[in-house]
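In what follows, chains carry the letters A, B, and so on, assigned in the order in which the sequence lines appear, proteins first and then strands, with residues in each chain numbered from 1.
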Amino acid sequence: MSDEWKKAWQSQSPPQRLTLDPELLLNEVRRNERQFASTISWRDVREVAVSLLLVPVWVYLGVRQSLPWSWYVVIPALVWVAGFMLVDRARQCRHQPAPGDDLYTSVKKSLAQVEHQILLLRNIHWWYLLPIFAALMVWPVHHAWNTRDNGWLSLAELAGMTFTFLLVFGFIYWLNQYAVRKQLIPRQQELQALLEALAEPVE
Amino acid sequence: MISLPDDEASQQALFKRWLDLHSGLIYKVARTFAPDEVDRDDLAQEILLQLWRSLPRFQGLAKESTWIYRVALNTALAWHRGEKKRRSTQTSLPAIEELPEPDDRAARERSDQVTRLYTAVRKLPKVDAALVLLYLDDLSYREMADVLGISETNVGVKLNRARKTLASLMKEVPHE
């Protein structure tokens, strides 16, 4: 029976196939590849660039309004976040699955990448939210201290800013945990199932 | 003798050669993992793109068909995981053309059997489907092990189980 299936299966090549002019196909594939590569690198650059571009904006605002030293504490935090992202991307690039890897290796590398992404997003409060939040809070606290003579008013200002920042950062945290739950965990489970299906049978 | 793709021209020549010799293989993988015709085109394009990207890494150590199977199956399984990101942003390339089958009884029977095989294979778990695909194309255990990155013993165990499941699935798939 299975010989019959094999014969039938192998007989299908000539009547049903890819029938494009190879020259045309080659051009199209190469064009697509360039687009694909630029999309990926643009996404990487964009995320880091946002952090770095905020640095001159921050300096400009500080100088223009003659703000005290506490305003500039955010800058090292922004540089830290951009640097962290850059180093992490560079390290992860080396572990990407390559076309031509066997299935097991490819699935294993993909799983490692997804797990790393999950770890990163689950700990986003340590490497992203907390450093930026803490740095952002230095200026309002310093300002409230300097204007303490205003009494309740300066305290209310500080409380308002703290609440706003907490709201924004809380939303960013929720958004990232949502992405972990809805996208990364299902993908991790799928890859784990594939890896288990490829595993050596237990005696 | 395989000429290794060390420059642009030889890469192009090798790619064209692969298309000439192994397009049937790409078609089979695309049809197995993407039952819908639009998806099939999309997957075939993705496989071709990955194949082109794999060219600089091809050392000639693996057989060409083994290499192409690796790229095609990796792409199909990744594509199946819902990474259809390219379709929305890039132009469609009409990659697959269905040519008319010869209209005789034997050809019709063969075509019916192939359609039933595809239906049954799609019902298998993904790894088993990949394995059966390689089996139906008559790859040796060694070659299957190379494509999947597992031992020949493991191939034997899994293939045996997958064939049994396929046989029972084939009984359930009606003739056209």
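At a 4.5 Å heavy-atom cutoff, the contact between B:Asp146 and chain A is made by backbone atoms alone. With a 4.5 Å cut-off on non-hydrogen atoms, B:Ala167 touches chain A through its backbone and its side chain both. For chain A, no part of B:Leu131 is nearby; none of its heavy atoms comes within less than 4.5 Å. With a threshold of 4.5 angstrom between heavy atoms, A:Ala193 does not approach chain B through any atom at all. Only the backbone of B:Val147 has a heavy atom closer than 4.5 Å to any heavy atom of chain A.
In terms of modelled atom types and a separation under 3.5 Å, the side chain of A:Asp102 and the main chain of B:Ile150 share no donor-acceptor contact. With hydrogens and angles disregarded, no donor-acceptor distance shorter than 3.5 Å links the side chain of B:Arg70 to the backbone of A:Pro99. Here the side chain of B:Lys158 pairs a donor or acceptor atom with the backbone of A:Ala197 at under 3.5 angstrom. Formation of a donor-acceptor pair under 3.5 Å by the B:Asp137 side chain with backbone atoms of A:Gln10 is not found in this model. Distance alone, capped at 3.5 Å, places no donor-acceptor pair between the B:Gln113 side chain and the A:Trp5 backbone.
Taking the ring centroids of A:Trp9 and B:Tyr135, they lie at or beyond the 6.0 Å cut-off.
Rounding to the nearest 0.5 angstrom, the gap separating the CG atom in B:Asn74 from the OH atom in A:Tyr104 is 14.0 Å. The CG atom of B:Leu77 sits 10.0 Å away from the OG atom of A:Ser110 when rounded to the nearest 0.5 Å.
Nearest heavy-atom pair, B:Leu136 versus A:Lys6, reported as atom, atom and distance to 0.1 Å: O-CG, 3.8 Å.
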- prompt: When you look at A:Glu4 and B:Arg110, which way does the side-chain contact (heavy atoms from CB on, under 4.5 Å) test go after all the steps?
  reply: CA-CA 9 Å; A:Glu4 235 179 79; B:Arg110 209 170 47 223; over 6 Å; no
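Most heavy-atom pairs under 4.5 Å with chain A: of the set B:Ser54, B:Ala130, B:Pro125, this distinction falls to B:Ser54.
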